[in-house]
Peer 1: 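Pasting in a structure now, in structure tokens, and then I'll have a few things to ask.
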Amino acid sequence: MGSALLPTLRRKPEVDAAIRDTLDKVLVLRFGRADDAACLHLDDILAKSSWDISRFATVALVDMDSEEMQVYIDYFDITLIPATIFFFNAQHMKMDSGTPDHTKWIGSFSSKQDFIDVVEAIFRGAMKGKLIVSCPLPPERIPRFQLLFKDV
């Protein structure tokens with residue numbers, strides 16, 4: 001069970017500190033619930049990958065059931081879980097994966113290597129000063145969801 005191996009952030013000040021204090025590394029925040037099957041699958045991939053990416057990334061889980069997290073859930077418009085959001089030096093990193101939403105990765109990754117490739121692409125782009133990077137994965141390995149945007 002991967003979620004036991006990764007730090008879980010349950011309060012807004014913990015998330016704020018993680019975003020603010022993670023310097024020169026990609027911060028990977030997984031928003032979800034510990035009892036959701038898709039989240040557990042993603043947690044397993046994140047835990048298995050955390051040592052491999054430890055030189056250039058940090059992974060943390062964010063418990064969506066906490067009342068304090070509603071600010072982030074609303075801000076990032078998290079309606080489907082798991083949702084993975086990336087930061088670099090307190091800057092929200094976006095990724096063009098061919099989906100309408102560039103602000104987060106929705107769903108799980110197909111494999112450990114897919115996750116590592118995505119985080120590495122974000123790190124390389126961030127080191128070059130980019131705020132949005134192209135997804136290195138082929139389209140068939142990117143989860144597709146029908147997103148409905150309200151009040152746009």
Side-chain angles (χ1 to χ4, degrees), residues 2-34 38-39 41-139 141-143 145 147 149:
S3 56
L5 302 173
L6 297 169
T8 301
L9 310 175
R10 292 183 171 83
R11 298 180 53 240
K12 184 181 181 303
E14 294 173 345
V15 177
D16 292 342
I19 293 170
R20 183 185 58 243
D21 298 340
T22 304
L23 301 175
D24 297 329
K25 282 186 170 187
V26 175
L27 174 64
V28 181
L29 294 179
R30 189 278 287 149
F31 284 79
R33 294 183 178 89
C39 290
H41 178 259
L42 179 57
D43 291 353
D44 190 46
I45 290 172
L46 298 178
K48 288 178 181 176
S49 308
S50 64
W51 186 83
D52 295 328
I53 63 171
S54 62
R55 290 179 287 119
F56 56 89
T58 303
V59 179
L61 310 178
V62 179
D63 182 15
M64 285 182 55
D65 292 330
S66 172
E67 274 297 312
E68 294 182 47
M69 293 305 152
Q70 197 60 43
V71 172
Y72 287 112
I73 293 166
D74 293 341
Y75 182 77
F76 291 114
D77 192 27
I78 298 172
T79 53
L80 299 172
I81 60 169
T84 308
I85 301 176
F86 305 94
F87 293 89
F88 185 81
N89 289 345
Q91 186 71 253
H92 181 206
M93 296 297 296
K94 298 168 184 71
M95 182 174 46
D96 182 4
S97 56
T99 62
D101 190 358
H102 299 332
T103 61
K104 58 190 166 283
W105 181 275
I106 301 171
S108 187
F109 290 89
S110 300
S111 68
K112 172 182 162 182
Q113 191 58 51
D114 284 354
F115 172 68
I116 292 171
D117 291 346
V118 165
V119 174
E120 188 175 356
I122 289 172
F123 177 74
R124 289 176 188 262
M127 292 302 288
K128 294 177 183 174
K130 296 180 179 181
L131 297 178
I132 187 166
V133 298
S134 296
C135 182
L137 303 181
R141 292 206 310 258
I142 299 171
F145 297 93
L147 299 178
F149 294 98

Peer 1: What are the two closest heavy atoms between L6 and A47, and how far apart are they?
Peer 2: CD1-N, 3.8 Å
Peer 1: To the nearest 0.5 Å, what is the distance between OG on S111 and NZ on K48?
Peer 2: 10.5 Å
Peer 1: Once you round to the nearest 0.5 Å, how far does CD1 of I73 lie from CD1 of I78?
Peer 2: 6.0 Å
Peer 1: Nearest heavy-atom pair of L9 and A18: which atoms, and what distance?
Peer 2: CD1-CB, 4.0 Å
Peer 1: Just verifying a value: how many Å separate R30 CZ and M64 CE, rounded to the nearest 0.5 Å?
Peer 2: 9.5 Å
Peer 1: Go through the structure and list residues passing salt bridge (charged side-chain N to carboxylate O under 4.0 Å, His left out) with R20, not counting sequence neighbours.
Peer 2: none
Peer 1: Of all residues at least two apart in sequence or in a different chain, which pass the side-chain hydrogen bond (donor to acceptor under 3.5 Å, both in side chains) check with K104?
Peer 2: D101
Peer 1: Counting only pairs under 3.5 Å, give me each side-chain donor-acceptor contact of residues 81-96, with atom names and distances, residues two or more places apart or in other chains.
Peer 2:
from : atom 1 : to   : atom 2 : distance (Å)
N89  : OD1    : D24  : N      : 2.5
H92  : NE2    : T103 : O      : 2.8
D96  : OD1    : G98  : N      : 3.1

Peer 1: Looking at side-chain heavy atoms only, is the closest gap between Q113 and I116 below 4.5 Å?
Peer 2: yes
Peer 1: Please list all pairs meeting salt bridge (charged side-chain N to carboxylate O under 4.0 Å, His left out) that have one or both residues in residues 109-125, counting only residues at least two apart or in different chains.
Peer 2: D52-K112, D114-R141, E120-R124
Peer 1: A side-chain contact here means heavy atoms from C-beta on lying under 4.5 Å apart; do F115 and I53 qualify?
Peer 2: yes
Peer 1: Check side-chain hydrogen bond (donor to acceptor under 3.5 Å, both in side chains) between H41 and all other residues, then give those that pass, not counting sequence neighbours.
Peer 2: S108
Peer 1: For D21, give me all partners under side chain to side chain contact (heavy atoms under 4.5 Å, CB included), at least two apart in sequence or on another chain.
Peer 2: A17
Peer 1: Does any non-hydrogen side-chain atom of I122 lie less than 4.5 Å from one of V28?
Peer 2: no
Peer 1: Could you pull out all residues at least two apart from R10 that satisfy side-chain hydrogen bond (donor to acceptor under 3.5 Å, both in side chains)?
Peer 2: none
Peer 1: Can you list everything that forms a salt bridge (charged side-chain N to carboxylate O under 4.0 Å, His left out) with K130? Sequence neighbours excluded, please.
Peer 2: none
Peer 1: Can you list every pair that meets side chain to side chain donor-acceptor pair (under 3.5 Å) and has a residue in residues 54-68, with sequence neighbours left out?
Peer 2: R33-D65
Peer 1: For C135 and V118, work out which heavy atoms get closest and say how close.
Peer 2: SG-CG2, 4.5 Å
Peer 1: Say you draw a straight line from CZ of F76 to CG of L29; how long is it, rounded to the nearest 0.5 Å?
Peer 2: 8.0 Å
Peer 1: Applying side chain to side chain contact (heavy atoms under 4.5 Å, CB included), can you list everything that pairs with A121, at least two apart in sequence or on another chain?
Peer 2: P136
